[in-house]
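In what follows, residues are counted from 1 in the order of the sequence shown. Atoms within a ligand are numbered from 1 in the order they appear, just like the ligands themselves.
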Amino acid sequence: MLKQNEDAVKKKILTEATRLKILLNPEALSILVEKYDENSFHTILNKLAEEVKRKGSIVVSQEVVKSIIGGPKETEISIGVHRQPLAKDIEEKIEILKSCEARQVSDDLEARRQYFADRFSKISSILRSRADMSPFYPLKKTCNLPNRSEGKTIAMVYEKRENYLIVEDTDFITKIFIPKDCDKDLKEKVSRLLPDSVVGISFYVSNSKLFCKSIIFPDVPIKRFKPAEEDVSVLLTSDIHYGSQKFSEKAFVRMINWLREGGLTEKECEISSRIKYIIVAGDLVDGVGVYPQQEKELIVRDVEKQYDGLSKLLSRVPEYIRIIVIPGNHDAAPRAIPQPPIFNEYAERLKENGNIISLSNPCMVSLHGVKFLVYHGTSMEDIATFAKNASYDRPENAMEIMLQFRHLAPVYGSRTPILAHGKDELVVDEVPDVFHTGHVHVFRIGGYREIKLVNSGTWQERTKYQEQLGIIPTPNIVAVLSLNNGSISKISFD
Ligand code: D5M
Ligand code: FE
Ligand code: ZN
């Protein structure tokens, strides 16, 4: 196009854009000039105006132009687009399905016995409803069966030895041998068995000894993800560790600004504007005295001030976004799981500035009918120690194991402090749609039998303590789950 003509075309386009109250960015303008056609340019500009206004903006990017007049789509655009938050006008739909209260506990043996009996009874019912357990024999009856009998039983794993298991139920303990020539499936299941887990065992009797034919995990049924009617999303995060020198405040603020203003790409703007909920799966602050010499790594050495500082940051989250928090092992709450919600005096500090609901670790909430099991994940350390496949850098494998055993912390008496008193609230009795954990500081997304698994990483850079432990965190990433279609976007704020 001749320069003279080009200027005239530019002027025409810009006059029309002004009339339509839209702004064209330079790249968008140059495409429109290049593809200018006297007969169609009014229609095209009208379409552009409609398109950007639909998204609550007035700025036309080259991406929008290409989406209207063709050409390959690019994801990056050069300017931030301010928009109307799409989630703002959608009514909140939260149901708290389970959140544990603080309990007065004493360390008495009877309460612990009740706890394991409750675990056994709950998981036994799950097994009997999910798998064919007939002919069924309680453990005690298995020792009176004649040679070559076969049957099924339910037992808690007391110990795993080279070629046998010691198993128990509420009134009997016995050995069950693993045949040397057993099949791969049994070998694999034995390698996953965790102490104190409850499983079904298919057995046969030979020379008055009990032999294992197969092991039946309680497991979860396959059920389809039922999407919400409303097109809203949930941002999943954890392990903020406010107060730690290694807390990435800049990245965290970038995330909050993104919630307020949207991002650099159209897609990110849309994702951010649909967020109606944030779930924080524990370790909101770094706490004080959580591990040896931690004070050397703290920038805020007072727990109250840590919650106040975080509260100030969260006050900038748009007010139409609801924030659900649970405690982790660094928070102001009793250490043993299930942890009741963060102590009131600290939770109140958070609530002063934000739209916050404080629940227990673990807890179960439904958002627009989608069920979230939220758990900090301290027991992943034990699962990584005892089970094949599970490791700190693959938290989704440990999550899968928790679902297979229908228990969030099967191993008792190792590193995870468990409140073994009365009812066992750590049994996964209700199957979630989404299972959200944190703790290991590694962002991973996975799926198990249609259940979405998210370990939401951290906002803390690698600490000296983690260097000693050989842990490599992946900070400053969040997962955004659309309740409307179940898709998960991974967004980085580095
Ligand atoms: O946990 C941060 C990371 O450190 C996470 O990967 C677990 C790991 N961790 C924490 N404490 C221990 C101990 N005692 N041994 C091994 N690994 C550990 P956080 O809860 O944020 O401190
Ligand atoms: Fe943490
Ligand atoms: Zn933790």
When you measure from [atom] to every protein heavy atom, which one gives the shortest distance, and what is it?
atom                    : result
atom 8 (C) of ligand 1  : I471 CD1, 3.3 Å
atom 17 (N) of ligand 1 : Y392 OH, 3.3 Å
atom 22 (O) of ligand 1 : H330 NE2, 2.6 Å

When you compare ligand 1 with [X], is there at least one nitrogen or oxygen pair between them that comes in under 3.5 angstrom?
X    : answer
H439 : yes
L469 : no
H441 : yes

Task: Option among D331, N361, T437, N329 that satisfies the side chain to side chain donor-acceptor pair (under 3.5 Å) test with H376 - done: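 Among the candidates, only N329 passes.
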TODO: Taking both backbone and side-chain atoms into account, decide whether H330 has an N/O/S atom under 2.8 Å from the Fe ion (ligand 2).
DONE: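 Not a single backbone or side-chain N, O or S atom of H330 is under 2.8 Å from the Fe ion (ligand 2).
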- [ ] Give a yes/no answer: is there an N/O/S atom of H241 under 2.8 Å from the Fe ion (ligand 2)?
- [x]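 Yes - counting backbone and side chain alike, H241 has an N, O or S atom under 2.8 Å.
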Open item on the list: If the threshold is 4.0 Å, N to carboxylate O, is there a salt bridge linking R192 and E400?
Closed with: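 Looking at R192 and E400, the cut-off is met.
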With heavy-atom distances below 4.0 Å as the criterion, list the atoms of ligand 1 near [X].
X    : value
H241 : 21 (O)
Q466 : 2 (C)
D283 : 19 (P), 20 (O), 21 (O)

TODO: Tell me, yes or no, whether the heavy-atom count around K213 atom NZ, taken from other residues, nucleotides or ligands under 6.0 Å, exceeds 12.
DONE: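 No.
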Task: More than 12 heavy atoms of other groups within 6.0 Å of E304 CD - done: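 Result for CD/E304: enclosed.
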Open item on the list: Do R322 and L367 make a side-chain contact, defined as non-hydrogen atoms from C-beta onward lying under 4.5 Å apart?
Closed with: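 R322 does not reach L367 side chain to side chain.
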TODO: Could you tell me whether the side chain of I326 reaches within less than 4.5 Å of the side chain of Q339, counting heavy atoms only?
DONE: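 A side-chain contact under 4.5 Å is absent here.
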- [ ] Would you check if the distance from the ring center of F116 to the ring center of Y412 is below 6.0 Å?
- [x]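 Aromatic pair counts; centres sit under 6.0 Å.
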Open item on the list: Heavy atoms only, cut-off 4.0 Å: how does Y465 contact ligand 1, side chain, backbone, both, or neither?
Closed with: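 For Y465, only side-chain atoms sit under 4.0 Å from ligand 1.
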TODO: Starting from the C-alpha separation in whole Å, work towards a yes-or-no answer on salt bridge (Lys or Arg N to Asp or Glu O under 4.0 Å) for K223 and D433.
DONE: CA-CA 9 Å; K223 59 164 194 172; D433 300 299; 3.4 Å; yes
TODO: With the Zn ion (ligand 3) as the centre, enumerate protein N/O/S atoms below 2.8 Å in chain and residue order.
DONE: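 Less than 2.8 Å away from the Zn ion (ligand 3) sit D283 OD2, N329 OD1, H376 NE2, H439 ND1.
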Task: Expected output: side-chain D382 to main-chain S414 donor-acceptor under 3.5 Å - done: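 It does not hold such a pair.
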Task: Shortest non-hydrogen contact between R349 and D308, atoms and distance - done: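 Looking at all heavy atoms of both residues, the shortest contact is NH1-OD2, 2.8 Å.
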TODO: Can you spot which of Y158, F177, F211 makes a ring pair (Phe, Tyr, Trp, His ring centres under 6.0 Å) with Y164?
DONE: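 Single ring pair (Phe, Tyr, Trp, His ring centres under 6.0 Å) partner of Y164 among Y158, F177, F211: F177.
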Task: Partners meeting side-chain contact (heavy atoms from CB on, under 4.5 Å) with C100 (sequence neighbours left out) - done: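 Counting only residues at least two positions away or on another chain, C100 forms a side-chain contact (heavy atoms from CB on, under 4.5 Å) with P338, S360, E425.
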- [ ] Could you name the option among Q468, M380, E381 that has the heavy atom nearest to atom 12 (C) of ligand 1?
- [x]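 Nearest heavy atom to atom 12 (C) of ligand 1 lies in E381.
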Open item on the list: Nearest N/O/S atom of D239 with respect to the Fe ion (ligand 2), by atom name, please.
Closed with: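 Distance check against the Fe ion (ligand 2) picks out OD2 in D239.
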Task: Approximate separation, where rounding is to 0.5 Å, of L194 CG and H407 NE2 - done: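 Reported to 0.5 Å precision, the distance equals 11.0 Å.
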Open item on the list: Quick check for you: with the Fe ion (ligand 2) as the vertex, what angle do NE2 of H441 and OD2 of D283 span, to 10°?
Closed with: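 Answer comes to 180°, rounded to 10°.
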